[in-house]
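All heavy atoms count here, side chains included; hydrogens, waters and symmetry mates do not. The sequence lines fix the lettering, A, B, ..., with proteins before strands; numbering per chain opens at 1.
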Protein chains: 2
Amino acid sequence: MDRPYTGVIERLKNAGLRPTRQRLALAKLLFDGGDRHITAETLHAEVLAANVRVSLATVYNALHQFTRSGLLREVVVDSSRAYFDTNTSGHHHFFDEDTGDLSDIPDGEISVSSLPGAPAGKVLSGVEVVVRVRSQQ
Amino acid sequence: MDRPYTGVIERLKNAGLRPTRQRLALAKLLFDGGDRHITAETLHAEVLAANVRVSLATVYNALHQFTRSGLLREVVVDSSRAYFDTNTSGHHHFFDEDTGDLSDIPDGEISVSSLPGAPAGKVLSGVEVVVRVRSQQ
DNA sequence: ATATAAATTAGAATAACTCTAAACTAACTG
DNA sequence: CAGTTAGTTTAGAGTTATTCTAATTTATAT
Ligand SMILES: [Mn+2]
Ligand SMILES: [Mn+2]
Ligand SMILES: [Zn+2]
Ligand SMILES: [Zn+2]
């Protein structure tokens with residue numbers, strides 16, 4: 001149950017990021033264990049709960065750096081907060097508008113057919129399907 | 001070329017909204033002419049340019065009331081601003097991440113197949129496909 | 001006309017970020 | 001190692017889109 005940081009250290013180094021105490025704690029929460037969908041606030045709360053003092057500015061910095069390096073992907077589903085996804089491969093989401101819960105649509109349960117070409121002079125950068133659901137009565 | 005408000009007055013009354021000077025001006029900009037994609041700021045600028053004094057708070061109020069009444073639909077594509085669409089029927093969007101341009105994907109050029117059922121205890125409320133494009137370089 | 005409920009508004013407040021500039025630290029070099 | 005330097009963290013201030021508050025105004029009903 002120990003040597004807990006080796007994997008995460010490598011992951012950060014490969015991304016060209018120094019494995020600092022803060023980034024290690026954040027990366028461990030994000031990448032050790034299954035795929036996750038998080039916001040800056042929830043990640044900040046988790047890292048504090050794990051007794052690592054990290055500022056909110058650093059959480060935002062890390063989320064953006066991880067995203068730029070391809071370790072995370074941003075999912076836009078709510079105009080009031082940014083969500084980040086540790087699963088960077090192409091997949092789609094359920095978003096519960098009442099609870100704010102973001103969850104994956106299992107692969108194969110949805111597919112987009114006959115993708116349109118990008119308008120003239122533009123280049124495609126991603127395709128996202130969001131299936132919105134409600135849980136409140 | 002006159003009696004310019006009759007259509008819009010009916011539309012507001014049917015939605016249970018009093019046809020005030022402000023709502024008439026906003027509804028005219030929104031619904032007279034083709035389908036539109038707008039933000040609160042752009043609509044506010046337009047209404048001022050048309051020489052009708054309307055506060056930004058009223059623009060936000062109207063956008064939300066129109067949305068609740070089904071005259072508009074909100075499209076979530078950018079975590080920093082809310083877009084509203086005068087076309088409330090089911091259709092999908094291109095979003096240019098460089099310019100902020102939101103445009104419709106022509107009907108038939110895309111389709112989502114094998115829609116998943118909503119997770120247990122949840123009810124489906126919408127399906128949105130966003131095709132992100134870039135125009136810079 | 002009056003009354004009443006609904007709507008508008010200025011400006012303050014909020015919330016999610018982003019920025020700045022100073023303090024710290026990881027990594028390199030000899 | 002000790003010294004240097006570039007990268008990182010941070011507190012707190014700043015920004016921006018949006019919401020709220022409470023006072024004023026207006027639409028509608030009688
Ligand atoms: Mn924001
Ligand atoms: Mn916002
Ligand atoms: Zn996901
Ligand atoms: Zn549209």
Side-chain angles (χ1 to χ4, degrees), chain A residues 5-6 8-27 29 37-45 47-48 50-69 71-72 74-84 97 100 102, chain B residues 5-6 8-27 29 37-48 50-69 71-72 74-84 100 102:
Chain A
Y5 283 108
T6 44
V8 140
I9 289 175
E10 277 318 297
R11 202 191 281 252
L12 291 175
K13 283 187 173 164
N14 290 340
L17 299 170
R18 288 188 183 175
T20 62
R21 183 177 56 83
Q22 293 86 340
R23 293 209 274 231
L24 285 172
L26 294 172
L29 287 169
H37 302 97
I38 42 91
T39 66
E41 294 283 346
T42 59
L43 182 59
H44 189 225
V47 79
L48 295 186
N51 273 307
V52 183
R53 190 176 285 117
V54 180
S55 73
L56 188 55
T58 295
V59 172
Y60 277 106
N61 289 342
L63 286 172
H64 289 137
Q65 290 155 346
F66 292 0
T67 300
R68 244 182 286 119
S69 312
L71 301 177
L72 287 180
E74 192 180 343
V75 182
V76 180
V77 284
D78 183 332
S79 59
S80 79
R81 30 174 18 76
Y83 285 75
F84 294 85
E97 300 184 308
L102 185 64
Chain B
Y5 283 107
T6 44
V8 139
I9 288 176
E10 278 318 298
R11 204 191 279 251
L12 291 175
K13 283 188 172 166
N14 289 341
L17 298 170
R18 289 187 181 175
T20 62
R21 184 177 54 85
Q22 293 86 340
R23 292 207 276 230
L24 286 172
L26 295 171
L29 288 168
H37 301 98
I38 42 91
T39 66
E41 293 284 344
T42 59
L43 182 58
H44 189 226
E46 284 189 17
V47 79
L48 295 185
N51 273 306
V52 184
R53 190 175 285 115
V54 180
S55 74
L56 188 56
T58 294
V59 172
Y60 276 107
N61 289 342
L63 287 171
H64 289 137
Q65 290 154 347
F66 292 0
T67 301
R68 247 181 284 119
S69 313
L71 302 177
L72 288 179
E74 192 180 345
V75 182
V76 179
V77 284
D78 183 332
S79 60
S80 79
R81 35 181 5 85
Y83 284 76
F84 294 85
L102 185 65

Practice task
Indicate whether OP1 or OP2 belonging to C:dA26 is found under 4.0 Å from a side-chain N or O atom of A:Arg18.
Solution key: no

Could you pull out the protein-nucleic contacts involving nucleotides 18-22 of chain C (nitrogen or oxygen on both sides, under 3.5 Å)?
none

Completion exercise
note: B:Arg23, atom CZ; D:dT25, atom C1'; distance rounded to Å ~ 14 Å

Exercise for the section: For A:Thr20, report the nucleic acid contact type (base, sugar-phosphate, nothing); a contact means any heavy atom under 4.0 Å. Expected result: sugar-phosphate

Handout entry: Distance, rounded to the nearest Å, where A:His44 contributes NE2 and C:dA15 contributes P
Key = 17 Å

Problem - Nearest-angstrom distance from the residue atom CZ of A:Arg21 to C1' of C:dA27 - result: 18 Å

Completion exercise
Note: for B:Glu41 and B:Gln22 on DNA chain D, the residue whose nearest nucleotide lies more 5' is B:Glu41

Practice task
Report which part of the nucleic acid A:Ala82 touches: base, sugar-phosphate, or nothing (heavy-atom distance under 4.0 Å, all strands).
Solution key: sugar-phosphate

Practice task
Would you kindly give the CZ-to-C1' distance between B:Arg81 and C:dA16, to the nearest whole Å?
Solution key: 15 Å

Problem - Between P of C:dA26 and NZ of A:Lys13, the distance in whole Å - result: 12 Å

Problem - Rounded distance (Å) that lies between atom C1' of C:dA16 and atom CD1 of A:Ile38 - result: 14 Å

Problem - Rounded distance in Å - CG (A:Leu17) to C1' (C:dT25) - result: 15 Å

